[in-house]
Amino acid sequence: MKQGKIPADNPVIAHRGAFKQLNLPENSIASLKHAVALGCAGTEFDVHMTADNVLVLNHDHDYFKLPIEKTDYAALNRHKLGNGESLPLLKDAIQEGMKNNKTTKLICEIKPSSISKLRGQQMAEKVLALVKELKAEKYMVYISFDFDILKKILALNPHANTQYLNGDKSPLELKQAGIRGADYHYDIFRKNPGWIKMAKDHNIALNAWTVNDAEGMKWLLDNNFEYITTNEPEELFRIIDERRGK
């Protein structure tokens, strides 16, 4: 199935949702919904799979010092987020993210498994099956530090929008693999400025993380990056509006 378009007139990707200004927990449903309300081009979240194969949102491999991949969801969910939310399910995040949303992509980072490569592949399969079940394909962008996870996604859905995070492959290599975006730490692009032109020449989207200072934001805007991942989406919007003369 081909991906539909979620139009946005900005490059702002809220890193782990828009959490900072309202003091919301990272990777929470609340921070995701706030990013959508702001009209960000995307809201990013991190996905792990519990011991009983439940897909959940959390950045680290541990949650309240419990290893997510070796712990059942019920045991993990005895601990709540700072705003009282349960440990978010990916299913709930996607469903909430689609509500009243005409601008914001759901940037799904599939974390490499700490147990095995095979488990990472299984997680990719489960994520895509869930997205298909929810009819959420047009909202989704899949990112990962694990190149094989992205290859698995493309084997299952060649039209999937994928971006690679690790920064060890040139835009041309991504193009050859069918990956649509170079989503690298912004220092990678500063050290390899030729990759910016290479990406544009090969129609590879440019995304940089995690850029929280005005100087870095302005440098990326000057270089026409399609996306900028930040913990400070409101500040990036302010700079963009200033440049547009608003």
Side-chain angles (χ1 to χ4, degrees), residues 6 8 10-111 114 123 126-127 130-131 133-134 136 139-144 165 183 207 209-213 217 227-238:
I6 303 295
N10 66 80
V12 183
I13 307 296
H15 185 230
R16 306 177 199 167
F19 65 89
K20 195 169 181 180
Q21 290 288 321
L22 298 184
N23 196 30
L24 300 170
E26 300 176 6
N27 275 307
S28 64
I29 301 298
S31 66
L32 183 154
K33 290 171 70 174
H34 187 47
V36 174
L38 286 173
C40 296
T43 181
E44 182 257 4
F45 47 81
D46 305 291
V47 178
H48 297 266
M49 189 163 67
T50 67
D52 52 343
N53 297 327
V54 178
L55 298 168
V56 299
L57 271 54
N58 194 64
H59 180 261
D60 297 338
H61 284 275
D62 291 351
Y63 178 73
F64 284 89
K65 298 183 179 180
L66 297 169
I68 293 172
E69 291 191 270
K70 298 179 181 179
T71 311
D72 286 351
Y73 179 76
L76 293 165
N77 197 39
R78 294 190 186 111
H79 304 276
K80 305 302 180 182
L81 302 188
N83 64 344
E85 280 186 33
S86 295
L87 175 61
L89 301 174
L90 176 61
K91 182 175 184 177
D92 292 341
I94 293 173
Q95 288 177 322
E96 288 295 329
M98 290 192 294
K99 290 179 180 177
N100 302 313
N101 179 4
K102 296 181 179 179
T103 58
T104 307
K105 288 281 192 179
L106 306 180
I107 315 295
C108 178
E109 179 176 346
I110 302 176
K111 289 289 187 177
S114 60
M123 184 162 36
K126 281 186 68 70
V127 169
L130 177 61
V131 169
E133 174 191 333
L134 298 176
Y139 292 91
M140 304 305 297
V141 178
Y142 305 98
I143 64 177
S144 187
L165 292 168
D183 186 357
N207 190 352
W209 55 266
T210 299
V211 187
N212 300 320
D213 63 286
M217 292 173 181
Y227 305 107
I228 300 170
T229 300
T230 179
N231 292 331
E232 303 280 1
E234 294 89 349
E235 172 64 6
L236 182 50
F237 273 122
R238 185 193 66 77

Nearest heavy-atom pair of [X] and [Y]: which atoms, and what distance?
| X | Y | value |
| --- | --- | --- |
| Ala35 | Thr104 | O-OG1, 4.0 Å |
| Pro88 | Ser28 | CG-CA, 4.2 Å |
| Asp62 | Pro67 | OD1-CA, 3.3 Å |
| Leu87 | Tyr73 | O-OH, 2.7 Å |
| Gln95 | Lys99 | O-CG, 3.5 Å |
| Ala14 | Ala18 | CB-N, 3.7 Å |

Notebook entry, point to check: Do His59 and Lys111 pass the side-chain contact (heavy atoms from CB on, under 4.5 Å) test, and can you show the C-alpha distance, the side-chain angles, and the key distance before you say yes or no?
Noted result: CA-CA 8 Å; His59 180 261; Lys111 289 289 187 177; 3.5 Å; yes
Gap between atom [atom2] of [Y] and atom [atom1] of [X] - 0.5 Å precision:
| X | Y | atom1 | atom2 | result |
| --- | --- | --- | --- | --- |
| Leu106 | Leu32 | CG | CG | 6.0 Å |
| Leu57 | Glu109 | CG | CD | 10.5 Å |
| Asp52 | Asp72 | CG | CG | 4.0 Å |
| Lys91 | Leu55 | NZ | CG | 11.0 Å |
| Asp60 | Ser114 | CG | OG | 11.5 Å |
| Ile107 | Thr43 | CD1 | OG1 | 8.0 Å |

I'd like to check [X] versus [Y] (side-chain heavy atoms, cut-off strictly below 4.5 Å). Are they in contact?
| X | Y | answer |
| --- | --- | --- |
| Asp183 | Tyr227 | no |
| Tyr63 | Leu81 | yes |
| Val56 | Leu89 | yes |
| Arg16 | Asp46 | yes |
| Ile94 | Met140 | yes |
| Glu85 | Lys80 | no |
| His79 | Leu66 | yes |
| Thr50 | Thr71 | no |

Check: Who passes side-chain hydrogen bond (donor to acceptor under 3.5 Å, both in side chains) against Asn231, sequence neighbours left out?
Finding: His15
Notebook entry, point to check: Quick check: does any side chain N or O of Asn10 sit under 3.5 Å from a backbone N or O of Gly39, one acting as donor and the other as acceptor?
Noted result: yes
Checklist line | Donor-acceptor contact below 3.5 Å, side chain Thr103 vs main chain Ala8 | finding: no
Notebook entry, point to check: What residue pairs, at least two apart or across chains, pass ring pair (Phe, Tyr, Trp, His ring centres under 6.0 Å) with a residue in residues 17-54?
Noted result: His48-His61
Next item on the list: Could you check Asn100 against Val36 for side-chain contact (heavy atoms from CB on, under 4.5 Å), going step by step and ending with a plain yes or no?
Entry: CA-CA 8 Å; Asn100 302 313; Val36 174; 6.0 Å; no
Note to self: Using the side chain to side chain contact (heavy atoms under 4.5 Å, CB included) definition, which of the options Asn212, Val12, Ile13 pairs with Leu236?
What the structure shows: Val12
Next item on the list: Only one of Glu44, Met217, Lys20 passes side chain to side chain contact (heavy atoms under 4.5 Å, CB included) with Thr230; say which it is.
Entry: Met217
